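Reviewing the structure listed below.
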There are 4 protein chains.
Amino acid sequence: MYLRIQPTSEIPIYTQLIYQIKKGIIKKELMPGESLPSVRSLASDIGINLHTVNKAYKLLVEEGVLVQQKKGFMVNPSVNLMMKEDQFKAFREKLEELIIDARIFNVSDEVLMDLKTEIMKILKESDEDDVV
Amino acid sequence: MYLRIQPTSEIPIYTQLIYQIKKGIIKKELMPGESLPSVRSLASDIGINLHTVNKAYKLLVEEGVLVQQKKGFMVNPSVNLMMKEDQFKAFREKLEELIIDARIFNVSDEVLMDLKTEIMKILKESDEDDVV
Amino acid sequence: MYLRIQPTSEIPIYTQLIYQIKKGIIKKELMPGESLPSVRSLASDIGINLHTVNKAYKLLVEEGVLVQQKKGFMVNPSVNLMMKEDQFKAFREKLEELIIDARIFNVSDEVLMDLKTEIMKILKESDEDDVV
Amino acid sequence: MYLRIQPTSEIPIYTQLIYQIKKGIIKKELMPGESLPSVRSLASDIGINLHTVNKAYKLLVEEGVLVQQKKGFMVNPSVNLMMKEDQFKAFREKLEELIIDARIFNVSDEVLMDLKTEIMKILKESDEDDVV
DNA sequence: GTGGTCTAGACCACC
DNA sequence: GTGGTCTAGACCACA
């Protein structure tokens with residue numbers, strides 16, 4: 001799995017990392033039960049501090065996306081994750097902001113659909129990619 | 001227009017304010033060309049810091065939603081706002097994160113649609129409200 | 001409130017801090033809704049690193065003992081806290097270990113009771129202390 | 001004697017092993033003077049590392065629960081074990097933490113008693129089991 | 001002035 | 001070799 005981190009982005013590095021990992025899971029580059037690289041090795045691989053990686057991993061455990069073993073972290077083997085209440089509230093909030101901005105800045109439904117399909121394509125499983 | 005600010009929310013107050021104002025515009029409680037309350041009065045009205053209101057107004061000017069006059073701020077009289085490049089990139093990023101989380105946490109299309117219609121209802125024009 | 005940290009103890013500093021704060025709440029030296037010292041000031045007061053204090057505060061928020069505001073942390077104003085499932089399991093585990101050790105090392109019921117009353121005394125409210 | 005080790009538990013394996021052995025002694029599945037399985041065989045039996053078993057045995061010797069013979073370990077034939085000072089301090093500390101958490105999280109005396117009787121039942125001698 | 005983020009580097013516990 | 005703990009110190013966002 002390739003992780004692309006933009007150090008200059010406004011989005012905190014640990015947040016970028018969280019979504020990169022989630023993406024990997026959706027794309028089935030990371031399977032349930034699969035181990036993640038160690039905090040230290042991933043940190044040195046992508047050139048960031050180990051604490052930053054650790055924070056991302058811990059938050060993903062908190063969300064239930066990863067589980068921590070005695071040695072290292074792995075993708076939660078259980079398939080059916082659910083948002084916690086607070087998380088869902090934040091999700092709703094984010095969606096509301098998105099809709100508001102779409103309305104204020106006159107983003108057409110067409111553009112929205114294009115965006116969605118573009119994103120869906122990125123999240124497509126790698127295997128499907130080959131088939132296509 | 002009523003502005004509801006939650007000081008305890010994890011969302012920065014200036015961000016809340018920005019979206020409250022955008023909401024007001026969508027609901028036509030604030031019309032193009034209409035003046036906004038002065039920084040001072042709004043700050044004291046909703047009991048927040050003057051700098052916070054100022055920051056929200058400035059950012060809205062930056063986005064083109066408001067325009068600054070010699071004295072105070074008003075809603076941009078021009079109707080067709082468009083996102084700038086950076087803004088659109090952030091918008092896309094936010095959408096991607098939402099979709100990723102929806103996929104990871106198995107948010108059903110049903111729930112998503114419910115959320116959307118719920119949000120749309122909130123953004124309905126006050127006039128329509130009367131009709132109903 | 002006085003916080004006594006033993007840097008040489010086997011118990012991690014942040015854990016000691018957590019229990020010191022809980023003690024303060026039980027003794028009513030910290031009341032529901034009361035603000036805690038800032039991460040930085042507490043850290044410098046007791047001569048430890050700010051990240052260590054921050055970790056303790058965050059974990060207490062996680063447990064529901066503290067809540068985080070825009071600015072600083074405060075004791076959860078709500079009175080009825082409950083353990084989460086995992087926490088209760090750990091609690092039970094700890095109790096089991098304690099009972100096992102008491103049995104193995106022939107700790108008499110008398111000694112146990114003495115310990116309990118001694119601990120209870122420490123946790124007594126300061127006000128009662130004066131009365132007595 | 002059956003040893004149940006949970007490799008995924010957050011409790012270190014050597015600690016789990018220590019308490020499993022103590023449990024065996026309390027339940028009289030392991031009698032004073034009885035030999036324990038060799039480090040090697042136990043390690044392979046329960047599928048854990050050799051060093052982990054060794055560490056558990058060594059610590060139990062340290063506590064006086066086991067004694068080391070020329071060849072292998074056996075349960076201390078002496079019946080009246082006592083805690084050393086440090087151990088007792090740790091015991092007291094653990095009890096204090098338990099009491100604090102019970103108070104903070106409003107664990108009722110009822111629940112506490114239920115927990116205790118539940119644990120006592122687990123520690124009942126196997127013979128008594130038969131009687132019942 | 002508050003916490004948030006990030007870095008660099010050290011020592012320790014567990015397996 | 002894995003994560004856990006702790007320290008020191010820097011820059012930033014928010015109010």
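Computed from a predicted structure; not experimentally measured. Convention: sequence-line order gives letters A, B, ...; per-chain numbering from 1.
Side-chain atoms of C/Arg40 and base atoms of E/dG1 include no donor and acceptor less than 3.5 Å apart.
Taking atom NZ of residue A/Lys55 and atom C1' of nucleotide E/dC6, one finds them 9 Å apart after rounding to whole Å. Atom C1' of nucleotide E/dT7 and atom CG of A/Asn49 are separated by 5 Å, given to the nearest angstrom. Following rounding to the nearest Å, A/Leu42 (CG) and E/dT7 (P) show an atom-to-atom distance of 12 Å. Atom CD in A/Gln69 sits about 12 Å away from atom P in F/dG4, given to the nearest Å. With rounding to whole Å, A/His51 atom NE2 is found 11 Å from F/dT5 atom P. Atoms CG (A/Asn54) and C1' (F/dT7) sit 16 Å apart, rounded to a whole Å. Taking atom CG of residue D/Leu50 and atom C1' of nucleotide E/dC14, one finds them 15 Å apart after rounding to whole Å. Atom CD1 in C/Ile11 sits roughly 16 Å away from atom C1' in F/dC6 (whole-Å rounding).
Proximity of C/Lys58 to the phosphate of E/dG4: a side-chain N or O atom is located under 4.0 Å from OP1 or OP2. Remark: C/Gln68 is in phosphate contact with E/dG4, judged by side-chain N or O atoms under 4.0 Å from OP1 or OP2. For the pair C/Thr52 and F/dT5, the criterion of a side-chain N or O lying under 4.0 Å from OP1 or OP2 is not met. A close approach under 4.0 Å does occur between a side-chain nitrogen or oxygen of C/Ser38 and OP1 or OP2 of E/dT2.
Nearer to the 5' terminus of DNA chain F, by closest-nucleotide assignment, is the contact made by A/Leu36 (compared with the other of C/Thr15 and A/Leu36). The 5' end of DNA chain E is approached more closely, in terms of each residue's nearest nucleotide, by C/Lys71 than by the other of C/Lys71 and A/Lys71. Between A/Pro12 and C/Phe73, the one whose closest nucleotide on DNA chain E sits nearer the 5' end is C/Phe73.
Ion pair C/Lys84/C/Glu62 flagged as a salt bridge, since at least one NZ, NE, NH1 or NH2 atom sits closer than 4.0 Å to an Asp/Glu carboxylate oxygen. The residues A/Glu34 and A/Lys28 are annotated as not salt-bridged, no charged nitrogen and carboxylate oxygen being separated by less than 4.0 angstrom. The pair B/Glu63-B/Lys22 counts as a salt bridge, with a side-chain nitrogen and a carboxylate oxygen less than 4.0 angstrom apart. Taking 4.0 Å as the cut-off between side-chain N and carboxylate O, B/Arg92 and B/Glu96 count as a salt-bridged pair.
Both the sub-6.0 Å distance and the 45° axial angle are not jointly satisfied by A/Lys94 relative to the ring of A/Phe91.
Across all strands, A/Tyr14 comes closer than 4.0 Å only to sugar-phosphate atoms, never to a base (heavy-atom distances). As judged by a 4.0 angstrom heavy-atom cut-off over every strand, C/Ile13 is placed among residues touching the sugar-phosphate backbone only.
Look at F/dC12: its Watson-Crick or wobble partner, with both distances under 3.5 angstrom, is E/dG3.
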